[in-house]
Amino acid sequence: IKPNITQSKLLFSTIKAFNHAINACLEYGWNNRTTSMKKIHDATYYSLKEKTKLPADVLIQARQKACEILKSCYQRNKRGKKALKPYSQNCPIRYNYKSSKIDFTKNIVSLSTLKGRIKIPIKLSDFHKQFINGKYCSSDLIYRNNKWFLNITLEFFDIKINKVND
């Protein structure tokens with residue numbers, strides 16, 4: 001994706017708040033030995049909503065990621081491997097179909113942020129353009145090597161992949 005400087009700063013702020021929410025959920029789950037989304041939601045949702053100002057669906061995704069991380073740690077412990085208390089510094093934001101929209105015909109993505117929705121241009125390779133007819137499910141917003149990426153998950157019922165030289 002190609003955010004401008006203002007959008008990029010807002011995305012950084014949103015990722016920071018998202019990671020704060022994940023860490024608060026991890027803290028609660030670890031200290032209370034639970035991976036229950038309901039228990040972690042009941043204990044953290046309203047205080048995190050107030051503190052982080054994250055949109056509801058983005059906050060819910062942070063809790064879900066925290067529960068997945070905790071389950072992984074507990075599974076590791078069950079297999080006799082050591083798992084330390086988890087902490088997230090730069091976890092990608094997971095967006096679902098409620099917190100983001102993609103318009104492949106206009107090459108625009110709309111993402112929920114701390115200050116509402118923003119529309120950002122996207123660039124697809126020729127290879128990826130053959131998949132634009134899939135049903136949008138979710139995406140992960142990633143910042144790596146001074147670039148923004150959006151890993152998009154689409155659902156297909158019948159698929160034919162063509163070889164493309166990019």
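Contacts of Ser47 classified as side chain to side chain donor-acceptor pair (under 3.5 Å), with partners at least two apart in sequence or in another chain: none. Residues meeting the side chain to side chain contact (heavy atoms under 4.5 Å, CB included) test with Glu50, sequence neighbours left out: Lys53. By the side chain to side chain donor-acceptor pair (under 3.5 Å) test, Tyr143 pairs with Asn146, sequence neighbours left out. For Lys85, the side chain to side chain donor-acceptor pair (under 3.5 Å) test picks out Glu27, with sequence neighbours left out.
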If you look only at distance, which donor and acceptor atoms sit under 3.5 Å apart when one is on a side chain in residues 75-83 and the other is two or more places apart or in another chain?
from: Arg76; atom 1: NE; to: Lys82; atom 2: O; distance (Å): 2.8
from: Asn77; atom 1: OD1; to: Ala83; atom 2: N; distance (Å): 3.2

Check residues 110-117 and write down every donor-acceptor pair under 3.5 Å in which the side-chain atom is one partner and the other belongs to a residue at least two apart or another chain.
from: Ser110; atom 1: OG; to: Arg117; atom 2: NH1; distance (Å): 3.2
from: Ser112; atom 1: OG; to: Ser99; atom 2: O; distance (Å): 3.0
from: Ser112; atom 1: OG; to: Arg117; atom 2: NE; distance (Å): 3.4
from: Thr113; atom 1: OG1; to: Lys115; atom 2: N; distance (Å): 3.2
from: Thr113; atom 1: OG1; to: Gly116; atom 2: O; distance (Å): 2.5
from: Arg117; atom 1: NH1; to: Ser110; atom 2: O; distance (Å): 3.4
from: Arg117; atom 1: NH2; to: Lys98; atom 2: O; distance (Å): 2.7

Can I get a per-line list of side-chain donor-acceptor pairs under 3.5 Å for residues 55-72, giving both atom names and the distance, sequence neighbours left out?
from: Gln61; atom 1: NE2; to: Gln64; atom 2: OE1; distance (Å): 3.2
from: Arg63; atom 1: NH1; to: His41; atom 2: ND1; distance (Å): 2.9
from: Lys65; atom 1: NZ; to: Pro92; atom 2: O; distance (Å): 2.7
from: Glu68; atom 1: OE1; to: Arg94; atom 2: NH2; distance (Å): 2.9
from: Glu68; atom 1: OE2; to: Arg94; atom 2: NH1; distance (Å): 3.2

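In terms of hydrophobic clustering, with Ile, Leu, Val, Met, Phe, Trp and Tyr side chains grouped at heavy-atom distances under 4.5 Å, Ile132 and Tyr136 are assigned to a common cluster. In the hydrophobic clustering of ILVMFWY residues, with side-chain heavy atoms under 4.5 Å counting as a link, Ile22 and Met37 come out apart. Under the 4.5 Å side-chain heavy-atom criterion for grouping Ile, Leu, Val, Met, Phe, Trp and Tyr, Ile1 is not connected to Ile108 through any hydrophobic cluster.
Grouped by direct or indirect side-chain proximity (heavy atoms under 4.5 Å, Ile/Leu/Val/Met/Phe/Trp/Tyr only), Leu84 sits alone. Residues Ile142 make up the rest of the hydrophobic cluster containing Phe149, defined by ILVMFWY side-chain heavy atoms closer than 4.5 Å, directly or through other members.
Between Ile93 and Leu11 the shortest side-chain heavy-atom distance does not fall below 4.5 Å. The side-chain heavy atoms of Asn133 and Phe104, taken from C-beta on, include no pair separated by under 4.5 Å. Side chains of Pro121 and Asn107 form no contact here, defined as non-hydrogen atoms less than 4.5 Å apart. At least one side-chain heavy atom of Phe156 sits under 4.5 Å from a side-chain heavy atom of Phe131.
Counting non-hydrogen atoms of other residues, nucleotides and ligands closer than 6.0 Å to NZ of Lys119 gives a total of 12 or fewer. In this structure, Gln89 places its CD atom where only 12 or fewer heavy-atom neighbours from other residues, nucleotides or ligands lie under 6.0 Å away.
Rounded to the nearest 0.5 angstrom, Leu150 CG and Ser100 OG are separated by 7.0 Å. With rounding to the nearest 0.5 Å, the separation of CG in Leu154 from SG in Cys137 is 6.5 Å. The OG atom of Ser138 lies 10.5 Å from the CD atom of Glu155; values are rounded to the nearest 0.5 Å.
Screening residues 2-12 for side-chain hydrogen bond (donor to acceptor under 3.5 Å, both in side chains), with sequence neighbours left out, gives Ser8-Trp148. Counting only residues at least two apart or on different chains, the side-chain hydrogen bond (donor to acceptor under 3.5 Å, both in side chains) pairs with a member in residues 12-23 are Asn19-Ser88. Applying the ring-ring contact (aromatic ring centres under 6.0 Å, His included) test to every pair with at least one member in residues 46-97, sequence neighbours left out, gives these pairs: Trp30-Tyr74.
When all heavy atoms of Leu48 and Ala24 are compared, the closest pair comes out as CD2-CB, 3.6 Å. Residue His128 comes nearest to Ser125 through the heavy atom pair ND1-OG, 2.6 Å, listed as atom of the first residue, atom of the second, then distance.
A salt bridge links Lys129 and Asp126; the closest N-O separation between the charged side-chain nitrogens and carboxylate oxygens is under 4.0 Å.
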